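None of these values were measured; they are calculated from a predicted model.
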2 protein chains.
Amino acid sequence: MTGWQDIEAEALRRIHARAWPPGSTIPHEADLAKEFGVARATVNRALQALADAGWLDRRRKAGTRVALHPVRKATFSIPILRAEIEGADSVYGYRLLGRTLEEAPAPIAARLGVAGALLHVTALHLADGRPYAHEDRWVNVAAVPGIMAVDLAVASANEWLVTHAPFVRGDYAIGAAAADDAMAGVMGAAIGAALVTVERTTWDDTAGITAVRITFREGHWVRTVI
Amino acid sequence: MTGWQDIEAEALRRIHARAWPPGSTIPHEADLAKEFGVARATVNRALQALADAGWLDRRRKAGTRVALHPVRKATFSIPILRAEIEGADSVYGYRLLGRTLEEAPAPIAARLGVAGALLHVTALHLADGRPYAHEDRWVNVAAVPGIMAVDLAVASANEWLVTHAPFVRGDYAIGAAAADDAMAGVMGAAIGAALVTVERTTWDDTAGITAVRITFREGHWVRTVI
DNA sequence: CGCGATATTATGTCTGTACATATTAACAGA
DNA sequence: TCTGTTAATATGTACAGACATAATATCGCG
């Protein structure tokens, strides 16, 4: 019982065992430092980690309280589709379906905060030669002009953007959409099948970068651990 | 430029500005400490936060490298449905549809690691009197026997479990399901509508606690910021 | 008893030093 | 030139002490 990670684990055990019940104030850092025979800074480090994870609420002077309802979080990594497909031991494939410079629908233009023509890219991502995800993307070429020189028949817009267009904020949503004729056709799904759909928009310091809608194959689930 | 948060912000600015490009090693902590006129521990604290957020990879001796592809994470809070509905300024309502003690389907029994009868609860969560989410839940009564005494006609199983059954791990998945006759009827959705479906299973130290499937109303999206 | 001012105090942060650990660099020998 | 051993070193951690900040406790007065 010497390191901050040991102390973190013991504190978490006491929370789970209800020795420190939800809503209650736990012993002070100085007291816990005495109990464990370590420096106060070491206790502080351990409790900081638990607070970051949502188990504790901490305020100067007010003390440290076990969160009443620990806000449980589910964290999904936003993978590059290639990594996701290859990570499942499948062979990744990519097919560009369309690439135009055109005005985006009003909601997307509003979201990206741009007027004028955007690069519109549609593509298919394959796993073992079969459709895995359909991508429908709008890119603000004023923000990332370099993409105009990229051969999107061989490399997906996302893979290029990940390395050339760092974003400072984004939004992300998961929904469900019924496959219409076109989507059912391109994805090899039943007409009307419920497909997981992800929408993501990213911004850099000054402008919207890209808005994308990804529609996954029938039966796809987005999974994580809590 | 004195506190660890200032240093964190400046480091992040350099990452975004590509002064420290992806894959490259950044200056050593000791050097940055000299540059900023602070203690090395202060630089360490700032870089730790950036590493926790995924911007940096750090190894003893090897130094600190800007993540090649920062793994972006989307973090969703797993709210109590009442809080979610009330948080959207709607009136929360709850209706118990069914409560039985019976054997669970094999996959669920396997997942919870239990044999024998489980408490099976179905319920409807309402927003402004209209269906918001349908809940289909299995509870391992051997793990949480107290639930047998709970009047689930007035309080949802989840609200009781949150305060009485802390879990130490869980899994979480978001998918899409087409509304069949029964679901369309109870949710007031079109038959065949694509509905966002969440499945969650939680375990305590020794056993599975509960497995739940929540089907949201038509048009529901799970949203967060990156 | 209630309110405002002051004192106290628990967490947040910073510093400097020391030691631990994992990784890279350097060196010697085959 | 390659391999194994040793040395050097950058981050990880711990300690002790100090100061800052925000919140609670205490005290005095009307």
Under 4.0 Å protein heavy-atom contacts per nucleotide of nucleotides 9-16 of chain D, with B for base, S for backbone only and - for none: BBBBBSS-
Close side-chain approach of B:Thr25 to B:Val66, heavy-atom, < 4.5 Å: no
Derivation of the ring pair (Phe, Tyr, Trp, His ring centres under 6.0 Å) call for B:Phe76 and A:Phe76: CA-CA 8 Å; B:Phe76 300 93; A:Phe76 300 94; 5.5 Å; yes
Sidechain-backbone polar pair: B:Arg65 side chain, B:Gly23 backbone, donor-acceptor under 3.5 Å: yes
is_close_aromatic(A:Phe216, A:His134), centroid dist under 6.0 Å: no
Proximity of A:Tyr94 and A:His125 rings by center, below 6.0 Å: yes
Centroid-centroid distance, B:Phe167 to A:His16, less than 6.0 Å: no
Terminal contacting nucleotides, 5' and 3', DNA chain C versus chain A (heavy atom, 4.0 Å): C:dT8 to C:dT13
Sole candidate of A:Leu81, A:Ile174, A:Asp136 that passes side chain to side chain contact (heavy atoms under 4.5 Å, CB included) when paired with A:Ile214: A:Leu81
